[in-house]
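Taking it in order: structure first as structure tokens, then the write-up.
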Number of protein chains: 2
Amino acid sequence: MSSADSNLEIASFTPYPITHHPVQIEKNEESITVIWDHGHKSEFHYLWLRDNCHCPQCISTATREQTFEICDVPFTIKASNAYITDDHRIVIEWDYENHVSKYHPGWLLSHCYSEEVVQTKQWKPIIWDKEKISHELPKTQSHALIESDAELLTWLRSLRDYGIGVVADVETKQSALKAITDRIAFMRESNYGTLFDVKITAGANTSANTTLRLPLHTDLSARELQPGLQFLHCLVNDATGGESIFVDGFKIAEYMREHCPEEFRDLTTIPMSFNNKDPYCDYHYRGTVIATDSNGEVTEVRHANFIRGPIDVPSHQTMALYKAYQCFILLTREPKFQLFFRLTAGEMVVFDNRRVLHARNAFDLKAGMRQLQGCYIDRDEFLSRIRILERNTELN
Amino acid sequence: MSSADSNLEIASFTPYPITHHPVQIEKNEESITVIWDHGHKSEFHYLWLRDNCHCPQCISTATREQTFEICDVPFTIKASNAYITDDHRIVIEWDYENHVSKYHPGWLLSHCYSEEVVQTKQWKPIIWDKEKISHELPKTQSHALIESDAELLTWLRSLRDYGIGVVADVETKQSALKAITDRIAFMRESNYGTLFDVKITAGANTSANTTLRLPLHTDLSARELQPGLQFLHCLVNDATGGESIFVDGFKIAEYMREHCPEEFRDLTTIPMSFNNKDPYCDYHYRGTVIATDSNGEVTEVRHANFIRGPIDVPSHQTMALYKAYQCFILLTREPKFQLFFRLTAGEMVVFDNRRVLHARNAFDLKAGMRQLQGCYIDRDEFLSRIRILERNTELN
């Protein structure tokens, strides 16, 4: 937005470049239809337009947050006049309180909510099996992430889309992980702290800190919000065994949707209980193994057999839930879905813990040590960081 | 559980006192029916029983986590024999791998999943309006919370049930808040840090740090997981105005369910967008203002008009969503639902930020300063702490 009209438009922090101009406005009963120079039509309701007035009476100039509340105008508010200015803004004169609103064409077109536009805006994950990820696994170098915003953005977008990536050449010292996460956001704390070590611990309160095989799972499944990104930085791996396995939980879910629709339905609707107990904490969460959004898209997988609690659904659902759960676990064990590799010292794997299941084979310490350092960053912070990097890229 | 049979039963960290004994077992096709000495009947499926075997082959003796996976036995597994021991355990001999499982009667009865039992276990909030909360507002003293586990447990349970409470006599120094939260759990970090100050700030990135009126809202509604408990500790309040208002969002939701069922349905099903942007972060979340669980119970309210983003649902839902949203906001403004009070120095208010909306009147600093210190603790940590206090209480 130009500063010339800043008295009428409080700019968003996000840039909205002008790609098209409005050429015509039609007034309807509850809305206007805007026709753009590329032929697209957008319907904007009067209430919506009044709600999104960007004038300094409606938006705080300091915080750019809305001070106006939509329930303070009549539900039937209408435009008494609507026109396009020479500089391609749309102006609405309201039939209530003589208020006038003015809309920037870049902002307005970006916020068109016609059904076909809303659908194309939906982010889609790139789902994978062993074959696909073995060719496409996103890889980068530690120094590139630290030195270049462009590389960081490219890498974070890949990580968002595939749900997994590997960073090479990370120094094998404890602070090296944090140098990378500091480029993204603060860490998510849990009862295991922020930075945690995965190594043999006397009196371990989690199977992670034993030499046991860990079957495929998501971390902290007994918390309402499972941690988003999980970082695992390999400091040393001279032990025998301990290979890592990763499976795209979204792939398993989509496979079930196609091939075992009843089991898919049951895993998305019948809740499991998850318990995580030790002498100092006692977490409990009840939720479905597969979560879907209001469009039926898979948004999350929640699975850790070793901290699953007793099934506690009504009797008539018990066997159906076991059947669906067995189907799910057996699929995750199929090698065609598994990315299998051995972390070496200086490698870091990062994955969406709410999507990608991870496992570790049992190991033997006779040949040497095995130690990883890990931490979490939640999806909110991760996605915010991508938006900020995109915002800066578009501004420059 | 007694130590005598610890070779067969890996105890949970939670105590399960024996209140009744099993007196009879009936074998069915897919399950057994256990008849208890008080007449109650429990159905336990074979798969469920095999899944919940507590022997050291099935449970790690170190972490007490399950190592057995239920998909490694046939779906049709059955008891070849089932009987009650002299010490009131139920023993099942399996028709697969000669495995034997033994069940502690306290544990087993606690995990009965018959429909009527599961329903009575459901926690129910105590919902309130102005009249009710003015008589029942949970109050305690800072020193009591710090010195007594019993008082802490009583207080936390009230806070869980009412969603709000007040602590008196908190020292008016910055560390005093943390002395109380340390009794519960670690704080939830956000882009505002862990401990945050609510005071006038130059270049404020949130309306909280201005003198502006803040309408009723939940904090961080643009994050997927809104923070659970919010603590607001008043260090000084000599300003004119700035009174606090609290409204039970669950009450508003239940009122709408009863009196405006269409608007209730729309607010629980049509999503809103929430944006929280500043120069360094750009959070976005899309979700319903009222969230319900699979039983239709209200679990969460999400509402902050000043960081709500433009409505972006398909055209045919736009007006319905505005209608429902207006209905909701207008109800929150009704004095009969509002707890209204002025925080004084040394008082701390704590509330469930995902349930109780809070607001602040505008204030004027001519008469003096106004400064609060705040922080968040998530529901998971809060509820875990209650379970640990209960566990210790039952053991002692």
Side-chain angles (χ1 to χ4, degrees), chain A residues 12-14 30 43 45 47-48 52 60 62-63 65-67 69-71 75 111 113-115 118 186 189 204-207 210 212 215 223-225 271 277-284 294 305-308 310-315 318-319 322-323 326 329-330 379-380 383-384 387-388 391, chain B residues 12-14 30 43 45 47-48 52 60 62-63 65-67 69-71 75 111 113-115 118 186 189 204-207 210 212 215 223-225 271 277-284 294 305-308 310-315 318-319 322-323 326 329-330 379-380 383-384 387-388 391:
Chain A
S12 166
F13 288 101
T14 312
E30 292 185 323
E43 183 186 8
H45 290 79
L47 267 182
W48 189 95
N52 288 292
S60 155
T63 62
E65 294 175 348
Q66 190 181 38
T67 48
E69 288 178 280
I70 190 63
C71 60
F75 190 71
H111 288 83
Y113 50 95
S114 68
E115 211 135 342
V118 169
F186 59 88
E189 186 164 356
N205 63 347
T206 162
S207 300
T210 67
L212 290 174
R223 307 307 179 286
E224 181 171 0
L225 184 76
K277 301 181 180 188
D278 72 18
Y280 312 105
C281 66
D282 195 329
Y283 290 101
H284 176 72
S294 54
N305 189 68
F306 49 94
I307 63 164
R308 184 174 52 80
I311 283 177
D312 56 359
V313 297
S315 265
T318 305
M319 293 302 279
Y322 271 119
K323 187 154 178 276
Q326 285 201 347
I329 296 190
L330 290 175
R379 276 189 190 166
D380 274 338
L383 297 176
S384 167
R387 288 184 202 108
I388 293 294
R391 192 197 284 179
Chain B
S12 166
F13 288 100
T14 311
E30 292 185 323
E43 183 185 9
H45 292 79
L47 267 183
W48 188 96
N52 288 292
S60 155
T63 63
E65 293 175 348
Q66 189 180 37
T67 47
E69 288 177 280
I70 190 63
C71 59
F75 191 72
H111 288 84
Y113 51 94
S114 68
E115 211 135 342
V118 169
F186 60 86
E189 186 165 356
N205 62 347
T206 161
S207 300
T210 67
L212 291 174
R223 308 307 180 285
E224 181 171 0
L225 184 77
K277 301 181 181 189
D278 71 18
Y280 312 105
C281 65
D282 194 329
Y283 291 101
H284 177 71
S294 55
N305 188 68
F306 48 95
I307 63 164
R308 183 174 52 80
I311 283 178
D312 56 359
V313 296
S315 265
T318 305
M319 293 302 279
Y322 271 119
K323 187 154 178 278
Q326 286 201 347
I329 296 190
L330 290 176
R379 276 190 190 166
D380 275 338
L383 297 176
S384 167
R387 289 185 200 106
I388 292 294
R391 192 197 282 179

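Lettering of chains follows the sequences in order, A, B, ..., and the numbering in each one begins at 1.
- Each of B:His45, B:Arg379, B:Lys323 has some count of heavy-atom pairs under 4.5 Å with chain A, and the biggest count is that of B:His45.
- The OG atom of A:Ser60 sits 11.0 Å away from the CZ atom of B:Phe306 when rounded to the nearest 0.5 Å.
- Looking at A:Asn52, the atoms closer than 4.5 Å to chain B (heavy atoms on both sides) all sit in the side chain, from C-beta outward.
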Before you tell me yes or no, could you show the steps for B:Glu115 and A:Val313 under side chain to side chain contact (heavy atoms under 4.5 Å, CB included), namely the whole-Å CA-CA distance, both residues' side-chain angles and the distance that decides it to 0.1 Å?
CA-CA 8 Å; B:Glu115 211 135 342; A:Val313 297; over 6 Å; no
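- With contacts defined as side-chain heavy-atom distances shorter than 4.5 Å, the pair B:Phe75/A:Met319 qualifies.
- Ranked by heavy-atom pairs shorter than 4.5 Å toward chain B, the options A:His284, A:His111, A:Glu65 are led by A:Glu65.
- With chain A as the partner, the residue from B:Leu383, B:Ile311, B:Thr67, B:Ile307 showing the most heavy-atom pairs under 4.5 Å is B:Ile311.
- No side-chain heavy atom of A:Ile388 sits under 4.5 Å from any side-chain heavy atom of B:Tyr280.
- Considering all non-hydrogen atoms of both residues, B:Ile70 and A:Gln326 come closest at O-NE2, 3.2 Å.
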Stepwise, does the side chain to side chain contact (heavy atoms under 4.5 Å, CB included) test hold for B:Arg387 with A:Cys281?
CA-CA 8 Å; B:Arg387 289 185 200 106; A:Cys281 66; over 6 Å; no
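- You'll find the side chain of B:Arg391 reaches within 4.5 Å of the side chain of A:Asp282, heavy atoms only.
- Listed options A:Val118, A:Asp312, A:Leu47 were ranked by heavy-atom pairs under 4.5 angstrom with chain B; first place goes to A:Leu47.
- Of all the listed residues (B:Ile329, B:Thr210, B:Thr318), the one sharing the greatest number of non-hydrogen pairs under 4.5 Å with chain A is B:Thr318.
- Heavy atoms closer than 4.5 Å to chain A are found in both the backbone and the side chain of B:Ser315.
- Between A:Pro314 and B:Tyr113, the closest side-chain pair of non-hydrogen atoms is not below 4.5 Å.
- To the nearest 0.5 Å, atoms CG (B:Asn305) and CD (A:Gln66) are separated by 5.0 Å.
- Scanning all heavy atoms of the two residues, the minimum distance from A:Pro215 to B:Glu69 falls at CB-OE2, 3.7 Å.
- For the options B:Glu189, B:Arg223, B:Glu30, heavy-atom pairs under 4.5 Å to chain A are most numerous at B:Glu189.
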